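Heavy-atom basis, side chains included; hydrogens, waters and symmetry copies ignored. Computed from a prediction, not measured in an experiment: that's the story for all the values here.
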Amino acid sequence: MAELVARTGRQLQRYKDGCRLIAGCIPFRYRNCVENDDATYEKVVEVLMINSTSGPNLVFPKGGWENDETVEQAAVREAVEEAGVRGDLMHFLGYYSFKSKTLQDEFCPEGLCRAAMFALLVKEELQSWPEQSTRQRSWLTIPEATERCRHQWMRMALEEGFLKWHEDTSKGENNLISSNLSPEQD
């Protein structure tokens, strides 16, 4: 198997209206079901977070969306590079804007970013991945993830995007991503 290598540099990054375009995901899995008092069973959802390289607490995998890939491909790539997981994109959660204090450049002097976030059902955890020397993975319940999440915009993606989508799908809706469900290509 070929060794995976993380992409670096800004030469292929996408920008629009002074914002750096970002792609990311909320990786998730189902833990063993728990039995309720009424003898029914419930799936426990866990989300995967990684340590931030620039401060305390945890983040979801995300990074620059590059010119030679779709936003979906960028989100999947970031999950592999930063968190060492592969899976299926299940749903587009929305766009989330934020200001980066550390990632300002000539195309984005204010550090403004616009992140397209997806739900990614994890099918495989890699034993080795490009950023494993600087990233640690943590599987958390939704309340734990909300508490440990470093950025407010990521908490919004978790609570208003992922949790709402997951509750809707638990009621029987199927939201496997397809070309007609993907976000607009900026």
Side-chain angles (χ1 to χ4, degrees), residues 4-10 13-15 19-29 31 44-66 69 71-105 108 110-166 183:
L4 298 171
V5 178
R7 288 184 172 202
T8 58
R10 294 284 176 94
Q13 297 285 290
R14 289 182 189 237
Y15 294 86
C19 288
R20 181 172 175 238
L21 301 181
I22 304 290
C25 63
I26 298 178
F28 73 101
R29 70 179 180 191
R31 191 173 39 151
V44 175
V45 178
E46 292 180 322
V47 295
L48 181 67
M49 298 187 80
I50 53 178
N51 63 300
S52 171
T53 58
S54 63
N57 292 320
L58 301 173
V59 296
F60 294 111
K62 58 108 180 105
W65 171 15
E66 299 188 353
E69 62 190 351
V71 68
E72 294 88 356
Q73 290 167 331
V76 168
R77 176 179 51 76
E78 290 296 336
V80 170
E81 289 180 1
E82 293 188 350
V85 293
R86 287 191 176 119
D88 296 331
L89 288 182
M90 302 300 291
H91 186 71
F92 172 64
L93 301 173
Y95 285 106
Y96 299 87
S97 296
F98 64 98
K99 185 173 182 176
S100 173
K101 294 177 183 172
T102 58
L103 297 175
Q104 300 169 348
D105 60 28
C108 185
E110 301 296 317
L112 301 176
C113 299
R114 185 172 183 230
M117 293 295 287
F118 296 86
L120 178 115
L121 177 59
V122 173
K123 299 285 182 111
E124 178 184 11
E125 285 186 61
L126 303 174
Q127 295 304 309
S128 102
W129 67 96
E131 296 185 23
Q132 70 182 22
S133 64
T134 57
R135 303 282 190 179
Q136 294 178 348
R137 301 183 282 212
S138 300
W139 285 103
L140 306 165
T141 63
I142 302 290
E144 291 168 335
T146 301
E147 185 177 311
R148 305 261 329 261
C149 194
R150 179 168 185 205
H151 303 293
Q152 178 61 32
W153 75 268
M154 286 189 179
R155 270 192 295 282
M156 288 175 54
L158 178 63
E159 295 172 342
E160 297 171 11
F162 179 83
L163 202 51
K164 180 182 181 322
W165 165 76
H166 191 267

Does E125 have any side-chain contact (heavy atoms from CB on, under 4.5 Å) partners at least two apart in sequence or in another chain, and if so, which? R29, V85, V122, R137, W139
Below 3.5 Å, can you tabulate the donor-acceptor pairs from side chains in residues 149-157 to any protein atom, sequence neighbours excluded?
unit_1, atom_1, unit_2, atom_2, d
R150, NH1, S52, OG, 2.8
R150, NH1, S54, O, 3.4
R150, NH1, S54, OG, 3.0
R150, NH2, S54, O, 3.2
Q152, OE1, R155, NE, 3.3
Q152, OE1, R155, NH2, 3.1
R155, NH1, C149, O, 2.5

Do any N or O atoms from the side chain of E82 and from the backbone of K62 form a donor-acceptor pair under 3.5 angstrom? yes
Could you measure the distance from the CD1 atom of I26 to the CG atom of L163? Nearest 0.5 Å is fine. 9.5 Å
For E147, does the CD atom sit with more than 12 other heavy atoms under 6.0 Å from it, leaving out its own atoms? no
Carefully, step by step, assess L112 and R114 under the rule side-chain contact (heavy atoms from CB on, under 4.5 Å). CA-CA 7 Å; L112 301 176; R114 185 172 183 230; over 6 Å; no
Close side-chain approach of E46 to L48, heavy-atom, < 4.5 Å: no
I'd like to check H91 versus L93 (side-chain heavy atoms, cut-off strictly below 4.5 Å). Are they in contact? yes
I want to check something: taking the side chain as every heavy atom from C-beta on, are T141 and R31 in contact at a cut-off of under 4.5 Å? yes
Would a 4.5 Å heavy-atom cut-off, applied to side chains only, mark I50 and V59 as touching? yes
Under the 3.5 angstrom rule, does the side chain of R20 hit a backbone N or O of R14 as a donor-acceptor pair? no
Here the gap from L58 atom CG to N51 atom CG, rounded to the nearest 0.5 Å, amounts to 7.0 Å
Within 6.0 angstrom of Q127 CD, more than 12 heavy atoms from elsewhere: no
Where do I22 and F98 land on the side-chain contact (heavy atoms from CB on, under 4.5 Å) test, with the steps shown first? CA-CA 10 Å; I22 304 290; F98 64 98; 4.3 Å; yes
What pair of heavy atoms forms the shortest contact from T53 to T134, and how long is it? CG2-O, 4.0 Å
Taking only residues two or more places apart in sequence or in another chain, which ones pass ring-ring contact (aromatic ring centres under 6.0 Å, His included) with F28? Y30, F162, W165
Looking at every non-hydrogen atom in both residues, tell me the closest pair between N57 and R148 and how far apart they are. CB-O, 3.0 Å
Locate the shortest heavy-atom distance separating L126 from E124; write the atom from each residue and the value. CD2-OE2, 3.5 Å
Nearest heavy-atom approach of L158 to A145 is CD2-CB, 3.8 Å
Let me confirm one number: the CZ-CG distance from R86 to L120, rounded to the nearest 0.5 Å. 11.5 Å
For residues F60 and C25, report the shortest heavy-atom separation together with the two atoms involved. CB-O, 3.3 Å
Within the side chain of Q132, is there an N or O that forms a donor-acceptor pair under 3.5 Å with the backbone of W129? yes
Give the minimum heavy-atom separation between F92 and M117, together with the two atoms involved. CD1-O, 3.5 Å
